[in-house]
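This chain uses plain numbering: 1 for the first residue, then up along the sequence.
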Amino acid sequence: MNAYLYPACAILVGIVTLVKLPTLWTRRTPVHVALWLVFALTTVLFTVSSPTVWPRVSAAIGITNISGLITQGLVIVLAAIQQVLVLLWVHDSETAWRKLRPRLLLFALVLVAMAVLFFVSMANGGTPTTSRWPRPGSSRTT
């Protein structure tokens, strides 16, 4: 199902992203930039998450399953941009940016932690696609 759903979502949101692009030239406010970034990052996220694109990204970069880190990182960045957008809608700019600083710092720390854990697991001989927990229905008990 993802083979059809993700590309369809990427195309749909990509069209919206392109339609909204001229808005950045006519009304370049932080709210408009944040809104356009939500559309653009969602397009990239669905594109990279597509089953046909996922392995090609990892192969092009040369790191096993780096697509997983990229897509999960994009989810975190997308959540941060959505926080920016909502706070800019609700508060004046000064108040919004004051409230955003600690949140964006936390989002950045999460991204760094994710990347560190990903690469540490690879350095310890693991692969990001393996798990120490057995899959349901498997005979592995340790």
Side-chain angles (χ1 to χ4, degrees), residues 1-138 140 142:
M1 180 145 150
N2 290 347
Y4 301 107
L5 185 61
Y6 285 4
C9 289
I11 290 168
L12 183 64
V13 179
I15 291 169
V16 172
T17 303
L18 292 175
V19 167
K20 290 291 183 184
L21 187 59
T23 313
L24 293 180
W25 285 283
T26 59
R27 292 179 273 171
R28 190 178 294 219
T29 65
V31 171
H32 286 96
V33 172
L35 183 61
W36 187 84
L37 283 172
V38 166
F39 291 132
L41 289 174
T42 303
T43 302
V44 174
L45 179 62
F46 276 117
T47 301
V48 175
S49 295
S50 297
T52 54
V53 176
W54 181 284
R56 292 179 180 160
V57 169
S58 292
I61 295 174
I63 299 174
T64 304
N65 207 22
I66 192 72
S67 299
L69 180 62
I70 292 169
T71 56
Q72 295 308 310
L74 283 172
V75 169
I76 299 300
V77 171
L78 185 58
I81 298 295
Q82 289 170 342
Q83 291 267 320
V84 169
L85 183 60
V86 169
L87 286 175
L88 285 171
W89 272 338
V90 173
H91 300 289
D92 61 283
S93 283
E94 185 177 320
T95 305
W97 288 114
R98 182 178 44 80
K99 290 183 176 207
L100 279 168
R101 282 188 195 100
R103 293 172 194 219
L104 294 178
L105 178 63
L106 288 173
F107 279 114
L109 290 173
V110 168
L111 282 171
V112 169
M114 282 175 44
V116 167
L117 290 171
F118 179 87
F119 288 107
V120 165
S121 74
M122 299 214 20
N124 289 335
T127 63
T129 58
T130 59
S131 171
R132 51 179 275 217
W133 306 108
R135 292 184 182 184
S138 73
R140 191 174 130 198
T142 57

Begin from the C-alpha positions of Asn65 and Leu69 and carry the test side-chain contact (heavy atoms from CB on, under 4.5 Å) through to its verdict.
-> CA-CA 7 Å; Asn65 207 22; Leu69 180 62; over 6 Å; no

Step-by-step side-chain contact (heavy atoms from CB on, under 4.5 Å) determination, Thr17 to Trp36 = CA-CA 6 Å; Thr17 303; Trp36 187 84; 3.5 Å; yes

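- Separation of atoms CG (Leu88) and CG (Leu100) is listed at 6.5 Å; rounding is to 0.5 Å.
- Residue Thr64 comes nearest to Phe118 through the heavy atom pair O-CZ, 3.6 Å, listed as atom of the first residue, atom of the second, then distance.
- Phe119 is listed as a side-chain neighbour of Ile66, based on a closest heavy-atom distance under 4.5 Å.
- Pairing each heavy atom of Pro7 with each of Ala3, the nearest pair is CG-O, 3.2 Å.
- Distance check: Leu105 CG to Arg103 CZ gives 13.0 Å after rounding to the nearest 0.5 Å.
- The two residues Val57 and Ser67 have their closest heavy-atom pair at CB-OG, 3.4 Å.
- In plain terms, the two heavy atoms of Thr71 and Gly68 that are nearest each other are OG1-O, 3.1 Å.
- Rounding to the nearest 0.5 Å gives a distance of 9.5 Å between CG of Leu41 and CD of Gln82.
- Atom CG of Leu37 sits about 14.0 Å away from atom NZ of Lys20, to the nearest 0.5 Å.
- Smallest separation of non-hydrogen atoms from Ala96 and Leu87: CB-O, 3.4 Å.
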Please assess Ile70 against Ile61 for the test side-chain contact (heavy atoms from CB on, under 4.5 Å), listing each intermediate value before the final yes or no.
-> CA-CA 11 Å; Ile70 292 169; Ile61 295 174; 3.7 Å; yes

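- Separating the CG atom in Asp92 from the CH2 atom in Trp97 is a distance of 12.5 Å, to the nearest 0.5 Å.
- Of the inter-residue distances, the one linking Ile81 atom CD1 with Leu74 atom CG reads 11.0 Å to the nearest 0.5 angstrom.
- Looking at every heavy atom in both residues, His32 comes nearest to Leu24 through O-CD2, 3.8 Å.
- Between the side chain of Arg98 and the main chain of Glu94, no donor-acceptor pair closer than 3.5 Å is present.
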